[in-house]
Engineer: 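The structure under discussion is supplied below as structure tokens; questions concerning it will follow.
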Amino acid sequence: MSSSNTIEGYLADLRPPLREIAVRLRSVIDAALPGTTAAVWHGHPVWGVGDNPGRRPVSLVKAYDTYVTFGLWRGQEIDDPSGRLIPGARQMASVKLRTVADVDPALFTGWLGQARELEA
């Protein structure tokens, strides 16, 4: 089993500074979404409601070459007065994080709370 089949492995396989961004982001997500299921799904970490996070997904973390995406499956339904969430396909919305300073625990916790309520 490859280390990237686990969230810990996925994070460990990232190069700095992406690793630091994703680790910080994971701590925010884990704190904001207690009782959700987290797993690597389609190659990146996903948090969702129920036993299979892919069936009722709430959020995701996906690293690219120069940034980490923090996405919300129903992010276009989230109240975001900050304007940081960028609409994507279907109902998704996300934010690109290029430094650890881009991780805003208070803002992201609010988004995650709203996103979880949409899946309740």
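The first residue of the sequence shown is numbered 1, and numbering continues consecutively from there.
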Engineer: Arg74: which residues meet the salt bridge (charged side-chain N to carboxylate O under 4.0 Å, His left out) condition with it, sequence neighbours left out?
Structural biologist: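 In terms of salt bridge (charged side-chain N to carboxylate O under 4.0 Å, His left out), with neighbours along the sequence ignored, Arg74 is linked to Glu77, Glu119.
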Engineer: Should Trp73 and Val95 be regarded as members of a common hydrophobic cluster, given that ILVMFWY residues are connected when their side-chain heavy atoms come within less than 4.5 Å of each other, either directly or indirectly?
Structural biologist: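 Looking at the clustering, Val95 is in a separate group from Trp73.
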Engineer: Quick check: is Val40 connected to Leu25 through a chain of hydrophobic side chains (ILVMFWY, heavy atoms under 4.5 Å apart)?
Structural biologist: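 Yes.
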Engineer: Assign the ring pair Phe70 / Phe108 to parallel, tilted or perpendicular, where the plane angle (0 to 90°) is split at 30° and 60°.
Structural biologist: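 Aromatic pair Phe70/Phe108 classed tilted.
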Engineer: Check whether Leu14 and Val103 end up in the same hydrophobic cluster, where Ile, Leu, Val, Met, Phe, Trp and Tyr are linked by side-chain heavy atoms less than 4.5 Å apart.
Structural biologist: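 Per the 4.5 Å side-chain linkage, Leu14 and Val103 are co-clustered.
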Engineer: Mind jotting down which residue pairs meet the salt bridge (Lys or Arg N to Asp or Glu O under 4.0 Å) criterion with at least one end in residues 27-46? Sequence neighbours excluded, please.
Structural biologist: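 Passing the test, one end in residues 27-46: Arg26-Asp30.
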Engineer: Mind checking whether Leu72 and Met92 have side chains closer than 4.5 Å, heavy atoms only?
Structural biologist: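 Counting from C-beta outward, Leu72 and Met92 never come under 4.5 Å.
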Engineer: What verdict does the side chain to side chain contact (heavy atoms under 4.5 Å, CB included) test give for Val61 and Thr69, after you've listed the backbone C-alpha separation in whole Å, the side-chain angles of each residue and the deciding distance to 0.1 Å?
Structural biologist: CA-CA 6 Å; Val61 172; Thr69 292; over 6 Å; no
Engineer: List for me each residue that meets side chain to side chain contact (heavy atoms under 4.5 Å, CB included) alongside Leu107, sequence neighbours excluded, and say none if there are none.
Structural biologist: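 Side chain to side chain contact (heavy atoms under 4.5 Å, CB included) list for Leu107, sorted by chain: Asp80, Ser82, Arg84, Asp104, Trp111.
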Engineer: Do Lys62 and Val68 have side chains that approach each other closer than 4.5 Å (heavy atoms only, starting at C-beta)?
Structural biologist: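 No, their side chains stay 4.5 Å or more apart.
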Engineer: Is there a side-chain contact between Trp47 and Ile7 (heavy atoms, below 4.5 Å)?
Structural biologist: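 Heavy-atom side-chain distance check passes, below 4.5 Å.
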Engineer: If you define the side chain from C-beta out and look only at heavy atoms, does anything of Ser59 sit under 4.5 Å from Val46?
Structural biologist: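 No, side chains not in contact.
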Engineer: Within a radius of less than 6.0 Å around CZ of Arg98, do more than 12 heavy atoms belonging to other residues, nucleotides or ligands occur?
Structural biologist: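 Result for CZ/Arg98: enclosed.
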